[in-house]
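Reviewing the structure listed below.
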Amino acid sequence: MTPLQGFERRDGALYCEQVALATIAAEVGTPTYVYSASAIAANYRAYDEALQGAPHEVHYAVKANSSLAVLALLAREGAGFDIVSGGELYRVIQAGGDPRRTVFSGVGKTAEEIEYALESGVGSFNCESEGELALLRDLADRLGRRPSVALRVNPDISAETHPYISTGLTEHKFGIPLEQAERIYGEFRRYAPLALDGVSCHIGSQIFDLGAFQEASAKMLGLIDRLAAAGLSIRRLDLGGGLGVSYKPGQISGSIAEYGRRLREALAGRGFELQLEPGRSIVGQAGALLTRSLYRKQNGEKVFVIVDAAMNDLIRPSLYQAHHEILPVVEAERPRILGDVVGPVCESGDFLARDRALPDVLPGELLAVATAGAYGFVLSSNYNSRPRAAEVLVEGDQWRVIRERETFRDLIRGETC
Ligand code: LLP
């Protein structure tokens, strides 16, 4: 089983839903991100269904994949959104998302971004410092808005994941330590322009350990009880991002149904709204990066498969030593090699896979880099003046380009000599 959803092999050829990836590559070229619409929708519904019976909102974390068509698809499914910048809010609005069902998170919101969000009617803010809270109060007062505000509390929980994407310890820049948060709730509750009625936390990404999430929710419930005892009633609890997903055959994605069941159990009878902000587990396995092999060479012992996608297209292997499966788009009988799959960028750190056992890949052959739907295109850049990839959304036997490949003109837009 490949760690992909919505993709399957038919007679040796890899398909996304009913469309052969080779067809897309022939028409759109490579590198191209391809997403399965039905897989994205199914993952969103899995969260929604897992929380049925408890008042809840699923806010898709826009940072994972912010392409308009992906946001529009999720908006149609009924998702709310979790944003971390003015740019993400702009995208949500352009895609038809509802600002009132959007929560503005993030550690460094600027005054302009907060104003834009308030004016657009963003319903909730998760605040990460006292300074931000004071600014939000003043701006809300001036604009005559009264958003729902949660403090993002740092629960000081160590969850096993890559150090760059672990966020729940006090050594991280995120959130406000618990004791400080209690003091701030006490001080700011009297300010009318804020409905200080939420509590939020986020312990990190690519986490499988439901116990860590449970520990976080238990700490948040304790805080909510203490706040209630002090006369402050909480209306919403936001537990942050979703579960880890499979990047390797045999690795099993976190069970959304089981997570939902445990949350419903922990929150039964509490009467407030539960919010989640999943990103990776909605789009990660629903996407692949299509790339074509350019050359194959051997330097001493090492075989290099040089492909037309690079670290500027998918930086996760270089940045987090992340593993992405690399699959031949059309299977053929080949001897297996142990090689590096690398891109054209002038950096030794430019690789998609290292020391990987693969069928020998000939120049011109197509490969699919799996589980690339989350934190793939969004982290891409123009490094080495490489135009960014195209994106395609597949729905059944239909497919369409949802983002055109950049041109050289796009590369110099806004520049002068
Ligand atoms: N909410 C907050 C406040 C977050 O910071 C994040 C992710 C999420 C929700 C969504 O978490 P998810 O459901 O996707 O695990 N670029 C890294 C991942 C960075 C995650 C940042 N925050 C990667 O490629 O692995």
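All values derive from a computational prediction rather than experimental measurement. Read the numbers this way: they start at 1 and go in the same order the structure lists the ligands and their atoms.
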Considering both backbone and side-chain atoms of [X], is one of its nitrogen or oxygen atoms within less than 3.5 Å of a nitrogen or oxygen in ligand 1?
X    : value
A64  : no
S281 : no
Y375 : yes

Atoms of ligand 1 less than 4.0 Å from [X] heavy atoms?
X    : result
G279 : 12 (P), 13 (O), 14 (O)
A61  : 10 (C)
E277 : 1 (N), 2 (C), 3 (C), 8 (C), 9 (C), 10 (C), 13 (O)
D82  : 1 (N), 9 (C)
S205 : 11 (O), 12 (P), 14 (O), 15 (O), 20 (C)
P278 : 13 (O)
L379 : 16 (N)
R152 : 3 (C)

Show the numbers, then the answer: is there a side chain to side chain donor-acceptor pair (under 3.5 Å) between E347 and Y383?
CA-CA 11 Å; E347 299 253 4; Y383 187 40; 2.6 Å; yes
Distance only, no hydrogens: is a donor on one side chain within 3.5 Å (strictly under) of an acceptor on the other, for [X] and [Y]?
X    : Y    : value
E17  : S36  : yes
N126 : D238 : yes
D308 : T291 : yes

Any donor-acceptor N/O pair, Y44 side chain to G78 backbone, under 3.5 Å
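Yes, Y44 side chain to G78 backbone: donor-acceptor pair under 3.5 Å.
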With distance as the sole test, does D138 use its side chain to make a donor-acceptor pair with the main-chain N or O of L135 at under 3.5 Å?
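Looks like no, no N/O pair under 3.5 Å.
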Name the option, out of Q206, H202, R280, R316, that contains the heavy atom nearest to atom 24 (O) of ligand 1.
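Residue with the shortest heavy-atom distance to the ligand atom: R316.
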Salt bridge R183-E179, side-chain N to carboxylate O under 4.0 Å:
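Between E179 and R183 there is no salt bridge, as every charged N stays at least 4.0 Å from the carboxylate O atoms.
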Just let me know how F174 lines up against ligand 1, side chain, backbone, both or neither, with a heavy-atom cut-off below 4.0 Å.
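No part of F174 comes within reach of ligand 1.
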For a quick test of reading the model, state the closest non-hydrogen atom pair linking Y320 to L379 and the distance between them.
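For Y320 versus L379, the nearest heavy atoms are OH-CD1, 4.2 Å.
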Tell me whether the NZ or CZ atom of K109 lies within the 45° cone about the ring axis of F125 and under 6.0 Å from its centre.
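Pair K109/F125 does not count as cation-pi.
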